[in-house]
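Structure, as structure tokens:
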Amino acid sequence: MKKYRLSASRPFDLDRTLACGQAFRWECRDGWWQGVAGKKWVRIRQDGDCLRYEGISESFLVHYFGLDLDLNAILASINRDPVIDRAIRQYRGLRILRQDPWECLLSFICAQNAHIPFITRMITALADTFGDPVDAPWGDAHALPDAGVLSALGDGALDSCRLGYRARYILPAARRAAEDPAWTEKIRALPDDTGRQVLMQFPGVGPKVADCIMLFGFSHYRSFPVDVWIRRVMARHYCPGECRDGALGCREYETVRRIAQEHFGPYAGYAQEYLFMASREGLV
DNA sequence: AACCAGGTTCATT
DNA sequence: AATGAACATGGT
């Protein structure tokens, strides 16, 4: 069991960070979060300013949870109006993870038009059915299958995972990733929004999913995924003039995204996460 | 039991 | 360029 001491100037809220719907491979059982990150199992809990964890190195811990970032400075930079201020006061400590891009690709293709518990089911089914077993202390656990594994499957192989129409996207997307194993490094090397355009060439990846992958998988903190919850809060508080009719009026994705990025700046993605929470919990 | 969900794609205007 | 419908599934 290892320990990591959080400094007072770098707030962190493990529970919110793992439960907020950016990652779908974590489960909380008797006070401990357990999950698989990459190929390794992880157990972790937070007691005040102390993180207790096992299964990973400290450097992985710091990188994965983004503990190297000065969150207070980031939140100060996005705190530009009363709405985001309320969300920040409520959720300070929520951080954006640095997940594996392939995991993000799978997760957010599945996430379209689905509730978060359902997304978790789908991702779990993919791992349990096709992923390599991981020797976790709590019992049976699996990593997510690599693109190569999924790309070799035939039509219908995913049926038992109950992915709905998303299954039609997963296999072609896996083939595309498998035929160019360096795709993540290529995107990493690309300038700002070019990587996003490359991601949108994957089947099943539109603007929203691409923004999620850039934000959660490539640490592109300016990305601002616009889902139904964000659309609501943006329509109500940030672009009423641009919106045709009340809550669901913000039609044009690119317009909402541009307004948010201009308003919140280079860490718009952090604002997105805080607004997402606030919108879902009825805070705004 | 309807309604809706971290949307994308395709066919029409 | 912009809108509308189909798409599968299951949580609330």
Side-chain angles (χ1 to χ4, degrees), chain A residues 16-27 87 91 94-97 99 101 103-126 129 155-174 176 196-218 220-221 223-236 242-258 260 268-284:
Chain A
R16 283 214 172 89
T17 297
L18 290 180
C20 75
Q22 60 177 314
F24 308 97
R25 304 234 54 213
W26 292 93
E27 183 182 9
Y91 305 119
L94 170 64
R95 286 174 182 262
I96 291 175
L97 298 171
Q99 302 182 67
E103 174 173 341
C104 285
L105 184 59
L106 282 180
S107 299
F108 287 97
I109 285 179
C110 290
Q112 60 186 68
N113 223 28
H115 293 273
I116 289 175
F118 180 35
I119 304 167
T120 305
R121 277 178 62 99
M122 291 189 270
I123 297 300
T124 302
L126 280 172
T129 309
D155 270 2
L158 298 180
D159 288 356
S160 67
C161 295
R162 313 288 296 173
L163 306 183
Y165 64 89
R166 303 156 194 85
R168 293 194 291 103
Y169 301 139
I170 295 292
L171 289 183
R176 189 186 173 86
R196 177 177 192 255
Q197 297 301 324
V198 173
L199 285 172
M200 287 173 62
Q201 292 168 10
F202 281 81
V205 178
K208 191 272 178 181
V209 172
D211 284 332
C212 285
I213 300 169
M214 292 304 289
L215 181 59
F216 303 129
F218 288 100
H220 192 279
Y221 297 122
S223 288
F224 194 87
V226 181
D227 66 2
V228 294
W229 299 101
I230 290 297
R231 207 169 281 253
R232 258 168 222 157
V233 62
M234 290 298 291
R236 179 185 293 272
E242 312 281 338
C243 298
R244 323 242 155 122
D245 51 39
L248 292 174
C250 274
R251 290 295 164 87
E252 291 144 313
Y253 187 101
E254 301 299 329
T255 302
V256 179
R257 176 174 177 269
R258 178 181 50 75
Y270 263 90
Q272 194 271 2
E273 276 311 279
Y274 281 71
L275 291 176
F276 177 71
M277 288 286 297
S279 182
R280 280 170 53 87
E281 298 194 348
L283 192 67
V284 295

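Remember, it's a predicted structure, so these values are computed and weren't measured experimentally. Quick note on labels: first sequence line is chain A, next is B, and so on, each numbered from 1.
The aromatic rings of A/Tyr165 and A/Tyr169 sit perpendicular, their planes meeting at an angle over 60°, well past the 30° parallel limit.
Within the nucleic acid shown, A/Ile116 comes within 4.0 Å of sugar-phosphate atoms alone, with no base atom in reach, counting heavy atoms only. No contact: A/Glu254 has no heavy atom under 4.0 Å from any strand. Within 4.0 Å of A/Arg166, counting heavy atoms only, lies at least one base atom of the nucleic acid. Residue contacts for A/Ala114: at a heavy-atom cut-off of 4.0 Å it reaches a base atom on one of the strands shown.
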Start with the C-alpha gap between A/Ile116 and A/Arg280, add the side-chain angles, then the distance that decides, and say whether side-chain contact (heavy atoms from CB on, under 4.5 Å) holds. CA-CA 12 Å; A/Ile116 289 175; A/Arg280 280 170 53 87; 3.7 Å; yes
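Across B/dT8 and C/dG11, the matching P atoms stand 23 Å from one another, rounded to whole Å. Look at the P atom in both B/dA1 and C/dC7: the space between them is 22 Å, to the nearest Å. Distance noted for atom P between C/dG10 and B/dT9: 23 Å (whole Å).
Between the CE atom of A/Met122 and the C1' atom of B/dG7 there is a distance of 12 Å, rounded to whole Å. Between the CZ atom of A/Phe24 and the C1' atom of C/dG11 there is a distance of 15 Å, given to the nearest Å. The interatomic distance linking A/Asp227 (CG) with B/dA5 (P) rounds to 9 Å, in whole Å. C/dA8 atom C1' lies 14 Å from atom CD1 of A/Ile170, rounded to whole Å. A/Gln112 has its CD atom 19 Å from the P atom of C/dA5, to the nearest Å. Here C/dC7 presents its C1' atom at 15 Å from CD1 of A/Ile109, a figure rounded to the nearest Å. The separation between A/Trp229 atom CH2 and B/dG7 atom P is 10 Å, rounded to whole Å. Taking atom CD1 of A/Ile123 as the reference point, atom C1' of B/dA5 lies 15 Å away to the nearest angstrom.
Closest to the A/Asn113 side chain, of the nucleotides B/dT8, C/dG10, B/dA5, is B/dA5. Nearest to the side-chain atoms of A/Pro117 among the listed nucleotides C/dT12, B/dG7, B/dA5 stands C/dT12. In the set C/dT9, C/dA2, C/dA8, C/dT9 carries the atom at the smallest distance from any side-chain atom of A/Phe118.
Contact annotation: side chain of A/Tyr165 to base of B/dG7, donor-acceptor pair present below 3.5 Å.
Between A/Leu94 and A/Phe276, the closest side-chain pair of non-hydrogen atoms is not below 4.5 Å. The shortest distance between side-chain heavy atoms of A/Arg196 and A/Ser223 does not fall below 4.5 Å. A/Ile109 has its side chain out of reach of A/Phe202: every pair of non-hydrogen atoms, C-beta onward, lies at least 4.5 Å apart.
When ring centroids are compared, A/Phe24 and A/Phe118 stay outside the 6.0 Å threshold.
Side chain of A/Gln99 to main chain of A/Gln22: a donor-acceptor pair is present (N/O by atom type, distance under 3.5 Å, no hydrogens or angles). Looking only at distances, no side-chain donor or acceptor of A/Glu273 sits under 3.5 Å from a matching main-chain atom of A/Arg95. With hydrogens and angles disregarded, no donor-acceptor distance shorter than 3.5 Å links the side chain of A/Ser279 to the backbone of A/Leu275. A/Arg166 contributes a side-chain N or O that, together with a main-chain N or O of A/Asn113, makes up a donor-acceptor pair within less than 3.5 Å.
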Could you go over nucleotides 9-13 of chain B and give all protein N or O partners under 3.5 Å, atom names and distances?
| unit_1 | atom_1 | unit_2 | atom_2 | d |
| --- | --- | --- | --- | --- |
| B/dT9 | OP1 | A/Gly204 | N | 3.0 |

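The shortest heavy-atom contact between A/Cys110 and A/Ile170 is SG-CD1, 4.1 Å.
Side-chain N/O atoms of A/Arg168 include none lying less than 4.0 angstrom from OP1 or OP2 on B/dT8. Contact annotation: A/Arg162 side-chain N/O to C/dG11 OP1/OP2 distance is not under 4.0 Å.
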Can you give the dot-bracket line for DNA chain B, where a pair is Watson-Crick or G-U wobble with both atom distances under 3.5 Å, crossing pairs use [ ], and | marks a partner on another strand? .||||.|||||||
